[in-house]
Amino acid sequence: MQKVSQLYEGKAKKVYSTEDPEVYIVSYKDDATAFNGLKKGTIAGKGVVNNRMSNFMFKLLEKQGVPTHYIEELNDRETAVKKVTIVPLEVIVRNTAAGSFSKRLGVEEGKPLLTPVLEFCYKDDALGDPLVNDYHILALGIATREELDTIAAMTFQVNQVMLDFFRSVGVDLIDFKIEFGKTSDGQIILADEISPDTCRFWDVNTHEKLDKDRFRRDLGGVEDAYAEMMRRIGLA
Ligand code: TMP
């Protein structure tokens, strides 16, 4: 599988076309941003961690019946994926209060939630990815009712698989963000990435943060946290 031309460069990944019109190649960068690009930096080796961890998670989820864009890991930073059109929603699940949820609702970080919370943000950098609900999504034609039901059901299944897996390696899955894509034949599948950039991981015992919050909040030990997550999942 060869890259033909670069189609897109995002904050953390590049996407290339291939000779196969249904296959893209994603290439993970070490670049890191936060606060809608306001804070910029580099996390050495992050691209490798995010590529390999995402592929590990996609394979685990596929085994549990969740369709994903994953095709084949090509090298440490690059993966062949199914071509999709991204549904412009950041789909967030929260098991424990943290981040913007804690800020917006005045809830202490670390407070367990009685049920998982599903949130949607409309992916639009110029607007700062505003929070939207089902009505906004249907009214604006961002997704149909059927697509939204599929996305919600798949997202809760992803949450259960991830909660169980990370708990088994001593990590609490506090919250995460995923994205879905639509294939040429209209199927909704899990796309984008699952990594310490897009999840909050806390050590079960010490509650130490093992994710991108170390970068967002200038806590130090960013690379070590990413490396520790690779060890936990058995990839290093
Ligand atoms: P939040 O608490 O800042 O809304 O973040 C919720 C989850 O979404 C957290 O696991 C980090 C992840 N996330 C992203 O993947 N991309 C983003 O741009 C933001 C703001 C959060």
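Counting starts at 1 for both ligands and their atoms, following the listed order.
Atoms of ligand 1 found under 4.0 Å from any heavy atom of Cys199, numbered from 1 in the order shown, are 10 (O). Taking a cut-off of under 4.0 Å to the non-hydrogen atoms of Thr198, the atoms of ligand 1 that pass are 10 (O), 12 (C), 15 (O). The contact set between ligand 1 and Phe176, taken as ligand atoms under 4.0 Å from a residue heavy atom, comprises 10 (O). Heavy-atom proximity to Asp197, at under 4.0 Å, picks out these atoms of ligand 1: 15 (O).
Annotation: cation-pi pair Lys39/Phe215 present, NZ/CZ under 6.0 Å from the ring centroid and within 45° of its normal.
For the residues Arg94, Arg200, Arg216, the heavy atom positioned nearest atom 21 (C) of ligand 1 is part of Arg216. Closest heavy-atom approach to atom 1 (P) of ligand 1 within the set Ser102, Ser100, Ser195, Gly99: this belongs to Ser100.
Among the candidates Asn95, Asp211, Asp213, the single residue satisfying the side chain to side chain donor-acceptor pair (under 3.5 Å) test with Arg200 is Asp213.
Looking only at atom types and distance, the side chain of Ser100 has a donor-acceptor partner in the side chain of Arg94 under 3.5 Å away. Ser17 and Ser5 share a side-chain donor-acceptor pair at under 3.5 Å. Looking at Thr183 and Asp185, their side chains do bring a donor and an acceptor atom within 3.5 Å of each other.
Applying the side chain to side chain contact (heavy atoms under 4.5 Å, CB included) rule to Lys111 yields the partners Ala97, Val107; only residues at least two apart in sequence or on another chain are considered.
Counting only heavy atoms, the protein gets under 4.0 Å from atom 6 (C) of ligand 1.
Nearest protein heavy-atom neighbour of atom 10 (O) of ligand 1: Asp175 OD1, 2.5 Å. In this structure, the protein non-hydrogen atom closest to atom 18 (O) of ligand 1 is Glu90 OE1, 4.0 Å. From the protein, the heavy atom lying nearest to atom 16 (N) of ligand 1 is Lys177 CE, 3.8 Å.
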Candidate pair Cys199 and Ile194, rule side-chain contact (heavy atoms from CB on, under 4.5 Å), full reasoning: CA-CA 7 Å; Cys199 303; Ile194 296 177; 3.9 Å; yes

